[in-house]
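Structure, as structure tokens:
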Amino acid sequence: MSADVVIIGSGPNGLAAGVVMARSGLSVEIHEAAAEAGGGLRSAPLFDSSVVHDVCSAVHPMAAASRFFREFDLAGRGVELLQPEIGFAHPLDGGRAGLAYRDLDRTCDRLGADGARWRDLMLPLVRRSEAMVDLLLSDQRRLPADPRALSLLPRLPTRILRHGTAWSRHLFSGPEAPALLAGAEAHAVTGLPSLPAAAVGLLLGHLAHSSGWPVARGGSARIADALIEDFTAHGGRVHTGSPVTDIRQVRSARAVLLDLAPRGVLDVAGPLLPAGYRGRLERYRYGPGAAKVDFLVSEPIPWAVPEIGRAGTVHLGGDQMEVFARETAVARGALPAEPFVLLSEPMAADPSRGAPGRRPVWAYAHVPNGDPGDPVAAVRSRIERFAPGFGDTVLASRGVPAAAMESYNPNYVGGDIGAGAIGIRQMLARPALRWDPYRTPLKGVYLCSAATPPGPGVHGMAGYHAARSALRTEFGIHAPPSLSPRRS
Ligand SMILES: Cc1cc2nc3c(=O)[nH]c(=O)nc-3n(C[C@H](O)[C@H](O)[C@H](O)COP(=O)(O)OP(=O)(O)OC[C@H]3O[C@@H](n4cnc5c(N)ncnc54)[C@H](O)[C@@H]3O)c2cc1C
């Protein structure tokens, strides 16, 4: 008998959609091309069986905050999100550094004259953190039901306007605070400054002082394991090593959800799509690439500013103007001599990841889409600049050029790990301008990947919104199921 629902792809959004649909009493099957489920939530011992590396996502401010994961309750399922003392750090030349402590007061104390400005920027958002998260991770078609979202008006739009335009260069006096914010904005992987990147920067920036920037004890795959366990406990079935090449293979299901980038949607369903919608997917723009580097090192990174060793995430991009210049160059297709690098030392929070004298370091550089270059030397020298002697601690390394990322996961087109460029148009029309962005013109076929609102990151919200759309339209189910482990 065929399933009620088939989901193609088992990333966090595919799994979140599966959990919602299976908990609604439907029979659900997930087909995953890779040998292992989880998409961007996979971990592996890349060099040494005693050291766990996160292959894609490593740090989880969104999973700690999103409505889907709040209801799903990772802690209640035994998944520990471990908080480093410093959410993210940003070293600068001359032995200076911006440090976003979990504790807002401590952060402000370190920022000197800019401390009061950082507090004025962040505190109102921290106080309304849940409403802010629900607003920015909504389906971007309607205000969340929570009236507290309204209390963000006009605070949030004015902040986005000030920090997303040239104005942003004049809002702080020292280099640390603007560098901290620019590092958070760079997660949008787009030219800076920009309004969507400012929204991303304020979302991620304030989370450092609210629900945090944690890592999962044992690796990001523990999050996928919890999703899969709940899904299968509710009757769902996951088929790994099962690529779907033609949507007609699974059309007997009443609903098909595609956890795919638009190019993947064209690959499996292109000839069936009406010309207008197909054209929108063909014209969909992909963003710059990420070139991944994993290191096995013998000791903690010898940062010139030792406190940086207490940070889970480090942004290596120079001061605000340098970050803006590097990200804008990459968005225009030029490879800067020193690219922006994001780095995580997971053992800053999770000692279980390694062994004495053997530790993982996770990093990636922003490079032009499709860049074929091996990133190891550039990333190594970026780290060395702020941590002299780092090279002497490296026992092994592995670089994955942006051009090779899609052979690991076809959703990373040209190494774009966000499943599509982030710009004003593609935030709202993601992947095409429709009132319900999850529904396609094909009866019963939905998109649920990061190429739909609210975009990239491990938050499960695209899967959650897509599942709710399909439940309403195909099955007449309007109330979302409980996601709590206690009531299952
Ligand atoms: C290097 C890197 C670092 C990152 N760091 C972070 C981070 O620290 N924090 C964070 O929140 N986010 C991070 N991200 C982004 C995050 O991983 C993604 O935004 C998220 O995984 C997107 O989820 P998804 O479910 O939409 O798709 P994906 O996770 O991409 O999953 C899609 C799945 O579909 C499968 N698939 C594709 N085509 C087919 C087919 N035809 N048939 C069957 N299966 C198919 C793929 O194999 C894949 O498993 C990172 C990503 C990368 C690559």
Side-chain angles (χ1 to χ4, degrees), residues 6-18 29-42 53-66 69 88 137 187 189 200 203-204 207 213-216 220 223-224 227 238-247 249-250 256-261 263-269 287 289-294 312-313 342-344 346 362-366 375 400 402 404-413 415-420 422 430 447-452 454-464 466:
V6 166
I7 298 172
I8 303 179
S10 70
N13 285 313
L15 291 173
E29 295 196 356
I30 297 181
H31 290 272
E32 167 56 51
E36 200 189 339
L41 281 174
R42 285 175 266 185
H53 297 259
D54 286 321
V55 181
C56 301
S57 66
V59 185
H60 295 291
M62 306 258 216
S66 83
F69 279 110
F88 63 96
L137 299 188
H187 285 253
V189 206
V200 169
L203 174 66
L204 292 175
L207 285 176
W213 282 40
V215 298
S220 295
I223 300 174
L227 291 165
V238 183
H239 305 276
T240 51
S242 178
V244 175
T245 52
D246 187 327
I247 199 170
Q249 293 167 241
V250 295
V256 179
L257 275 67
L258 307 176
D259 187 12
L260 305 177
R263 198 184 66 183
V265 177
L266 290 166
D267 287 345
V268 300
K292 176 86 194 298
V293 182
D294 293 287
T313 302
L342 295 93
L343 177 147
S344 174
W362 167 106
Y364 66 90
H366 290 168
V400 183
M405 293 290 283
E406 62 185 79
S407 63
Y408 177 73
N409 179 345
N411 282 19
Y412 305 150
V413 177
D416 171 6
I417 62 173
I422 305 274
R430 197 168 175 87
L447 305 185
C448 69
S449 73
T452 59
V458 175
H459 42 61
M461 290 307 294
Y464 177 82

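No experiment lies behind these values; they were computed from the predicted model shown. Count residues from 1 along the sequence. Read the numbers this way: they start at 1 and go in the same order the structure lists the ligands and their atoms.
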Heavy-atom distances under 4.0 Å decide this one: backbone, side chain, both or neither, for Leu260 against ligand 1? side chain
Give the single entry among Ser57, Gly40, Ser10 that approaches atom 6 (C) of ligand 1 most closely by any heavy atom. Ser57
For atom 45 (C) of ligand 1, what's the nearest protein heavy atom and its distance? Ala33 CB, 3.8 Å
In this structure, atom 20 (C) of ligand 1 is nearest to the protein heavy atom Pro12 CG, 3.8 Å
Is the contact between Arg42 and ligand 1 made by the side chain, the backbone, both, or neither, using heavy atoms and a 4.0 Å cut-off? side chain
Would you mind running through ligand 1 and noting each atom that sits below 4.0 Å from a heavy atom of Lys292? 1 (C)
Check whether any heavy atom of Met405 sits under 4.0 Å from an atom of ligand 1. yes
Is any side-chain heavy atom of Val400 less than 4.5 Å from a side-chain heavy atom of Tyr364? no
Would you give the length of the straight line joining atom CG of Asn13 to atom CG of Leu257, rounded to the nearest 0.5 angstrom? 10.5 Å
Taking a cutoff of less than 4.0 Å between a non-hydrogen atom of the residue and any ligand atom, is Ala290 in contact with ligand 1? no
Are any of the N/O atoms on Val268, whether in the backbone or the side chain, positioned under 3.5 angstrom from an N/O atom of ligand 1? no
Indicate yes or no for a side-chain donor-acceptor contact from Arg430 to the backbone of Ala450 under 3.5 Å, with no hydrogens or angles considered. yes
How far is atom 32 (C) of ligand 1 from the closest protein heavy atom, and which atom is that? Asn411 ND2, 3.3 Å
Less than 4.5 Å apart, side chain to side chain, heavy atoms only: is that true for Asp416 and Met405? no
Closest non-hydrogen atom pair between Ile30 and Ser10, with its separation: CG2-CB, 3.8 Å
Per-atom contacts of ligand 1 with Ala450, taking only distances under 4.0 Å to non-hydrogen atoms: 26 (O)
May I ask you to list the atoms of ligand 1 that are less than 4.0 angstrom from any heavy atom of Ser449? 26 (O)
Answer yes or no: is there a side-chain heavy-atom contact under 4.5 Å between Trp362 and Thr313? no
Please determine whether any non-hydrogen atom of Tyr408 lies less than 4.0 Å from an atom of ligand 1. no
The side chain to side chain contact (heavy atoms under 4.5 Å, CB included) partners of Pro346 (sequence neighbours excluded) come to Ser344, Arg353, Pro360
If you measure every N/O of Glu32 against every N/O of ligand 1, is any gap under 3.5 Å? yes
Tell me: protein heavy atom nearest atom 18 (C) of ligand 1, and distance? Gly457 N, 4.0 Å
Please give me the minimum heavy-atom distance between Asp54 and Lys292, naming the atom from each residue. O-NZ, 2.8 Å
Separation between NE2 of His187 and CZ of Phe88, rounded to the nearest 0.5 Å: 7.5 Å
Do Ala58 and ligand 1 have an N or O pair less than 3.5 Å apart? yes
Relative to atom 53 (C) of ligand 1, which among Val293, Val59, Val265, Ile417 owns the nearest non-hydrogen atom? Ile417
Say whether, by atom type as modelled, one donor and one acceptor occur between the side chain of Thr452 and the main chain of Ala462 under 3.5 angstrom. no
If you compare all heavy atoms of Val458 against all heavy atoms of Ser57, which two are closest, and at what distance to 0.1 Å? CG2-OG, 3.6 Å
Please report whether ligand 1 has a polar contact with Val244, defined as an N or O pair separated by less than 3.5 Å (distance criterion only). yes
How far is atom 3 (C) of ligand 1 from the closest protein heavy atom, and which atom is that? Cys56 O, 3.3 Å
Side chain, backbone, both or neither: the part of Asp259 lying under 4.0 Å from ligand 1 by heavy atom: both
Distance check, rounded to the nearest 0.5 Å: Ile8 atom CD1 versus Ile247 atom CD1? 5.5 Å
With distance as the sole test, does Asn409 use its side chain to make a donor-acceptor pair with the main-chain N or O of Gly39 at under 3.5 Å? no
Would you check the N or O atoms of Val458, main chain and side chain alike, for any that come under 3.5 Å of an N or O of ligand 1? yes
Near Ile8, which atoms of ligand 1 are under 4.0 Å from a heavy atom of that residue? 40 (C), 42 (N), 43 (C)
Pairwise distance OH(Tyr412) to SG(Cys56) - rounded to 0.5 angstrom: 3.5 Å
Can you confirm, on distance only, whether ligand 1 has an N/O atom lying under 3.5 Å from any N/O atom belonging to Pro243? no
How far is atom 31 (O) of ligand 1 from the closest protein heavy atom, and which atom is that? Gly11 CA, 3.2 Å
What atoms in ligand 1 come closer than 4.0 Å to a heavy atom of Pro410? 37 (C), 38 (N)
Give the atoms of ligand 1, by number and element, whose distance to some non-hydrogen atom of Gly39 is under 4.0 Å. 29 (O), 31 (O), 48 (C), 49 (O)
Scanning both residues in full, the closest heavy-atom pair of Asn411 with Ser449 reads ND2-CB, 4.5 Å
With heavy atoms of Pro456 as the reference, note each atom of ligand 1 found under 4.0 Å away. 19 (O)
Which atoms of ligand 1 are found less than 4.0 Å from any heavy atom of Asn409? 28 (P), 30 (O), 31 (O), 46 (C), 48 (C)
Return yes when Ala419 approaches ligand 1 closer than 4.0 angstrom through a heavy atom, no otherwise. no
Kindly indicate, with the supporting measurements, whether the criterion side-chain contact (heavy atoms from CB on, under 4.5 Å) is fulfilled by Gln249 and Val268. CA-CA 10 Å; Gln249 293 167 241; Val268 300; over 6 Å; no
How far is atom 34 (O) of ligand 1 from its nearest protein heavy atom, and which residue and atom is that? Gly9 CA, 3.2 Å
Determine whether the side chain, the backbone, both or neither of Trp213 has a heavy atom under 4.0 Å from any heavy atom of ligand 1. neither
When rounded to the nearest 0.5 angstrom, what is the spacing between OG in Ser220 and CG in Leu41? 6.0 Å
